Amino acid sequence: MIYKIPLFDLNFDEKEEQAVLDVLRSKWISTGPKTAEFEGIFAEMLKVDHAVALSNCTVALHLALKLVGVKENDEVICPSLTFVATCNAIRYLNAIPVFADVKSMIDLTIDPDDLECKITAKTKAIVVMHYGGFACDMDRIMNIAKKHNLKVVEDACHGPLSEYKGKKLGTIGDVGCFSFFSNKNISTGEGGMLVTNNNAYFERAKLLRSHGMTSMSYERSGGHSTEYDVIELGFNYRMDDIRSAIGIVQLNKLEIDLDKRKEIRQMYLNELKGIENIIIPFEDYKEFSSNYIFPIVLKNSDIIKRDNVRKKLAEEGIQTSIHYPAVHRFSIYKDFYTELKITDYIVNNEITLPMYSNLKEHQVKTISNILKDIV
Ligand SMILES: *Cc1c(COP(=O)(O)O)cnc(C)c1O
């Protein structure tokens with residue numbers, strides 16, 4: 001089905017095409033100078049010491065948890081209202097995901113009170129996810145982590161340049177992870193970034209992304225060394241220069257893109273405010289957000305009503321999505337099931353409306369008016 005208004009649209013033009021062409025013609029297409037440049041710009045924009053480009057965010061989360069020392073049978077507290085990769089990364093290390101609920105129907109980020117209740121002697125780390133680019137309660141979470149000697153990994157996939165009390169999301173915990181999958185704020189097809197202010201984590205992340213080898217082929221080709229040792233069981237989690245070149249162009253566009261998204265969010269707020277039966281999460285949020293998505297939650301509703309609303313929007317040519325089906329209800333997570341009252345309501349009643357920088361005011365009005373009629 002071709003939608004009149006899609007959920008998302010790429011912010012691509014000739015600049016991305018030219019950047020790819022330049023890399024192809026340079027003949028260095030794997031990890032090399034463009035990747036180093038991409039990492040440098042990303043770290044500078046986030047005001048963080050180190051950035052390591054990786055093949056996607058799922059592997060960034062895997063490495064992040066490994067870096068902070070998560071091991072088999074350790075418990076890691078995480079949200080269930082997230083993309084499954086957040087929790088799969090815990091399972092890759094044979095650690096145990098312990099699901100915590102979100103704060104409220106308005107604040108869809110992990111609830112520090114529920115989180116703290118779930119800490120045991122086996123808890124090693126917390127993974128937070130900044131839903132939609134809206135910050136988790138990081139002051140409280142970092143305090144809890146300090147008190148119980150836990151590490152904090154930020155899944156900041158939704159939040160490049162989003163802020164929390166003057167800091168960029170992803171730079172507050174021990175390690176931050178970003179995704180450049182095609183529908184994210186920064187799109188390179190596949191791609192990810194790990195950021196940290198910890199020098200040891202940075203060195204080990206570079207080692208682990210390339211088989212645990214002490215040098216990469218790009219460094220060897222530059223004459224830095226001709227031999228290498230393998231000192232740890234690593235992976236091939238590298239980003240290539242073709243994608244990094246696209247990433248650099250996307251970073252150049254990011255601030256303008258996010259300003260437009262901010263305006264679009266305001267248009268939605270103006271149109272949807274005061275409609276009975278619609279809750280707008282983060283309605284009075286004040287910090288700068290990347291506005292990765294625009295979620296709404298239906299009041300006095302259930303999954304059948306929600307799916308019906310989505311169906312009617314689709315019939316009008318408007319594409320929507322759900323962020324997210326609850327991870328704790330997936331078949332492979334049945335051994336880790338726990339009741340999460342607010343998450344359970346959200347996953348059955350949330351609808352994600354179209355959001356991208358090129359969305360026009362008249363389109364926001366169309367979507368809002370149709371939605372009003374339906375609910
Ligand atoms: C997209 C996403 C991921 C996974 O990122 P990939 O780059 O596709 O591996 C993980 N967590 C969240 C919250 C995401 O939105």
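Since this is a predicted model, take the numbers as computed values, not measurements. Numbering of ligands and ligand atoms starts at 1, following listing order. Atoms considered below: every heavy atom in the structure, side chains included; atoms not considered: hydrogens, waters and symmetry mates.
When only modelled atom types and interatomic distance are considered, Gln18 and Asp22 share a side-chain donor-acceptor pair under 3.5 Å. A donor-acceptor contact closer than 3.5 angstrom is absent between the side chains of Asn348 and Asp302.
Taking 4.0 Å as the cut-off, Cys177 does not count as a neighbour of ligand 1 on heavy-atom distance. A heavy-atom separation below 4.0 Å is found between Tyr324 and ligand 1.
The existence of a salt bridge linking Asp240 and Arg243 is confirmed by a sub-4.0 Å separation between a basic side-chain nitrogen and an acidic carboxylate oxygen. Using a cutoff of 4.0 Å between basic side-chain nitrogens and carboxylate oxygens, Glu263 and Lys260 are not scored as salt-bridged.
Only the side chain of Asp155 comes within 4.0 Å of ligand 1, counting heavy atoms alone; its backbone N, CA, C and O stay farther away. Only the side chain of Thr86 comes within 4.0 Å of ligand 1, counting heavy atoms alone; its backbone N, CA, C and O stay farther away. Neither the backbone nor the side chain of Val59 comes within 4.0 Å of ligand 1, counting heavy atoms alone.
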Could you give me the CA-CA distance, side-chain angles and deciding distance for Lys365 and Glu361, then say whether salt bridge (Lys or Arg N to Asp or Glu O under 4.0 Å) is met?
-> CA-CA 6 Å; Lys365 287 202 161 122; Glu361 183 161 15; 3.7 Å; yes
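In summary, the aromatic rings of Tyr333 and His328 are positioned with their centroids too far apart to meet the 6.0 Å limit.
Residue Cys57 has at least one N or O atom closer than 3.5 Å to an N or O atom of ligand 1.
Phe83 and Tyr324 have tilted rings, their planes meeting at an angle from 30° to 60° on a 0 to 90° scale. Ring planes of Tyr237 and Phe235: parallel class, angle under 30° (limits at 30 and 60°).
Near Thr58, meaning under 4.0 Å from any of its heavy atoms, are these atoms of ligand 1: 4 (C), 6 (P), 9 (O). Every atom of ligand 1 is numbered from 1 in the order shown, and the set under 4.0 Å from a heavy atom of Met129 is 13 (C). Shown in contact with Gly191 at under 4.0 Å from a heavy atom are these atoms of ligand 1, numbered in order with element: 7 (O). Which parts of ligand 1 touch Thr82 is read off a 4.0 Å heavy-atom cut-off, strictly below it: atoms 13 (C).
One option in Gly189, Gly159, Cys157 has a heavy atom closer to atom 10 (C) of ligand 1 than any other, and that option is Cys157. Nearest-heavy-atom check against atom 15 (O) of ligand 1 across Lys184, Met193, Glu190 picks out Lys184.
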